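Keep in mind that this is a model prediction, so the values were computed, not measured. Within every chain, numbering begins at 1; the chains are lettered A, B, ... in the order of the sequence lines, protein sequences first and strands thereafter.
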Protein chains: 2
Amino acid sequence: MTSPAVSSRDLPHPTREEIRLEGVLHALSDPMRMRIVRELAAVDDELSCSHFDLPVTKSTTTHHFRVLRESGVLQQVYRGTAKMNGLRKDDLDGLFPGLLDCLLDAADRQAARLGSA
Amino acid sequence: MTSPAVSSRDLPHPTREEIRLEGVLHALSDPMRMRIVRELAAVDDELSCSHFDLPVTKSTTTHHFRVLRESGVLQQVYRGTAKMNGLRKDDLDGLFPGLLDCLLDAADRQAARLGSA
DNA sequence: CCCGTACTACGATGCCTATCGTACGAGTCG
DNA sequence: CGACTCGTACGATAGGCATCGTAGTACGGG
């Protein structure tokens, strides 16, 4: 009933040094993935994949989460049957100070500008 | 002998309102295009396409400049036979304050980190 | 032990794109 | 005009990628 243990299923992550700016930008240049990242930043906590209600199939969702993990934007860990996702804020801030906040602010502004329909 | 006149050949640009964050991020997620933008930011002036010595053919160079223009990152204008390129810093800053500087800083840091070979 | 839930793996598909080569248009200079 | 430079247009090619569907694996609960 308490938090399920972390499973041993391995999920390859890039080390901080392996994270590349172009990879991060490419990952965030997809609206679906930016949406995931914004939601994670908003709650400032880990969220399971199934928490997100995206207008695509689960296959596609899995794909997007993998791109985010492999680019170094997210960390993922299995906890029971759920796969929890967290922003790698410390690593990104360490490599590119201020960039993540700047990108999130830019996304917020665009959402406010366009979403006021 | 003075600066040649601006030609009438038209080059379609997005208006400021049409610029999309995902388009900008996609444009800058290509190392060749990021390199162009960094060089333009460094000199803080317009540069002709031929000024850049990129390790690709002229066809490909044209393609990259078009992507940058159509995403709203660059403004381009013909002056004589040369096509001059300038960063749309005001428009980008207006839409996404601080983002451009943040991205350039991130690119500088990565270049310093990786290029110290 | 069986079932349901959560997520994955794999293959297919159609589109996008980075790259090239060649042929062409626009402009400048002699 | 003629030659040269700068950049474009177009077609081809190869690889990437967002999406889907189906079948399958891992885990937890009854």
Engineer: Could you tell me which non-hydrogen atom of A/Cys102 sits nearest to which non-hydrogen atom of B/Cys102, and how far apart they are?
Structural biologist: SG-SG, 3.4 Å

Engineer: What pairs with A/Val67 under side chain to side chain contact (heavy atoms under 4.5 Å, CB included), at least two apart in sequence or on another chain?
Structural biologist: A/Ala27, A/Arg33, A/His63

Engineer: On the nucleotide C/dC20, are OP1 or OP2 found under 4.0 Å from the side-chain N or O atoms that B/Thr57 carries?
Structural biologist: yes

Engineer: For B/Lys83 and C/dG25, what is the distance between atoms NZ and C1' respectively, to the nearest whole Å?
Structural biologist: 13 Å

Engineer: Just to verify, what does A/Lys89 make a salt bridge (Lys or Arg N to Asp or Glu O under 4.0 Å) with, not counting sequence neighbours?
Structural biologist: A/Asp93, A/Asp101

Engineer: Say whether, by atom type as modelled, one donor and one acceptor occur between the side chain of A/Thr61 and the main chain of A/Thr57 under 3.5 angstrom.
Structural biologist: yes

Engineer: Taking only residues two or more places apart in sequence, or in another chain, which ones meet A/Asp91 in a side-chain hydrogen bond (donor to acceptor under 3.5 Å, both in side chains)?
Structural biologist: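 Partners of A/Asp91 under the side-chain hydrogen bond (donor to acceptor under 3.5 Å, both in side chains) test: A/Arg16, A/Arg88.
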
Engineer: Just distance, no hydrogens or angles: give the donor-acceptor pairs under 3.5 Å from side chains in residues 17-24 of chain A, sequence neighbours left out.
Structural biologist:
from, atom 1, to, atom 2, distance (Å)
A/Glu18, OE1, A/Thr15, N, 3.0
A/Arg20, NH1, A/Glu17, O, 2.9
A/Arg20, NH1, A/Glu18, O, 3.3
A/Glu22, OE1, B/Gln110, NE2, 3.0

Engineer: Please report the distance, rounded to the nearest Å, between CE in A/Met84 and P in C/dA6.
Structural biologist: 12 Å

Engineer: It should be established whether B/Thr60 places a side-chain nitrogen or oxygen under 4.0 Å from OP1 or OP2 of nucleotide C/dC20.
Structural biologist: yes

Engineer: Please report the interatomic distance CG(A/Leu87) to CD1(A/Ile36), rounded to the nearest 0.5 Å.
Structural biologist: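 That separation rounds to 11.0 Å.
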
Engineer: Would the base of D/dG7 count as contacting B/Lys58 through its side chain, where contact means a donor and an acceptor less than 3.5 Å apart?
Structural biologist: yes

Engineer: Does anything in residues 24-37 of chain A reach DNA chain D, meaning a heavy atom under 4.0 Å, and if so which residues?
Structural biologist: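 Those residues whose heavy atoms fall under 4.0 Å from DNA chain D, taken from residues 24-37 of chain A in numerical order, are A/His26, A/Asp30, A/Met32, A/Arg33.
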
Engineer: Would you state whether a donor and an acceptor, one from the side chain of A/Thr81 and one from the base of D/dG28, lie under 3.5 Å apart?
Structural biologist: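 No.
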
Engineer: For the pair made of CG in A/Leu54 and C1' in D/dC20, what is the distance, rounded to whole Å?
Structural biologist: 15 Å

Engineer: Look at the side chain of A/Val56 and decide which nucleotide, out of D/dC20, C/dC7, D/dG7, has an atom nearest to it.
Structural biologist: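 So the side chain of A/Val56 is nearest to D/dC20.
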
Engineer: Using whole Å, what does the distance between atom P of nucleotide D/dC6 and atom CG of B/Asn85 come to?
Structural biologist: 14 Å

Engineer: With sequence neighbours excluded, give me every salt bridge (Lys or Arg N to Asp or Glu O under 4.0 Å) pair touching residues 44-57 of chain B.
Structural biologist: B/Glu46-B/Arg79

Engineer: Which ones in residues 62-73 of chain B lie close to DNA chain C, meaning a heavy atom under 4.0 Å from one of its atoms?
Structural biologist: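 Those residues are B/His63, B/His64.
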
Engineer: Where do N or O atoms of nucleotides 11-15 of chain D meet protein N or O atoms at under 3.5 Å, pair by pair?
Structural biologist:
none

Engineer: Considering residues at least two apart in sequence or located in another chain, which fulfil the side chain to side chain contact (heavy atoms under 4.5 Å, CB included) criterion with A/Pro12?
Structural biologist: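 If we apply the side chain to side chain contact (heavy atoms under 4.5 Å, CB included) test to A/Pro12, skipping adjacent residues, the hits are A/Arg69.
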
Engineer: Can you tell me the distance, in whole Å, between the CG atom of A/Leu11 and the C1' atom of D/dA26?
Structural biologist: 12 Å

Engineer: Taking side-chain hydrogen bond (donor to acceptor under 3.5 Å, both in side chains) as the test, write out the residues that go with B/Arg38, two or more places apart.
Structural biologist: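 Only B/Asp108 meet the side-chain hydrogen bond (donor to acceptor under 3.5 Å, both in side chains) criterion with B/Arg38.
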
Engineer: Residues in side chain to side chain contact (heavy atoms under 4.5 Å, CB included) with B/Ala42, at least two apart?
Structural biologist: none

Engineer: Please check if any side-chain donor atom of A/Thr62 sits under 3.5 Å from a side-chain acceptor atom of A/Ser59, or the reverse.
Structural biologist: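 No, no side-chain donor-acceptor contact under 3.5 Å.
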
Engineer: Please determine whether a side-chain nitrogen or oxygen atom of B/Tyr78 lies at a distance below 4.0 Å from atom OP1 or OP2 of D/dT8.
Structural biologist: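 Yes, B/Tyr78 has a side-chain N/O under 4.0 Å of OP1/OP2 on D/dT8.
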
Engineer: If I compare all heavy atoms of B/Leu11 with all of B/Gln76, which pair ends up nearest, and what's the gap?
Structural biologist: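 Here B/Leu11 and B/Gln76 meet closest at CD1-O, 3.6 Å.
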
Engineer: Tell me, which of residues 43-53 of chain B have any heavy atom that sits under 4.0 Å from an atom in DNA chain C?
Structural biologist: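 Heavy-atom cutoff 4.0 Å gives no residues at all.
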
Engineer: So, for A/His13 and A/Leu74, which heavy atoms are closest and what is the spacing to 0.1 Å?
Structural biologist: CD2-O, 3.6 Å

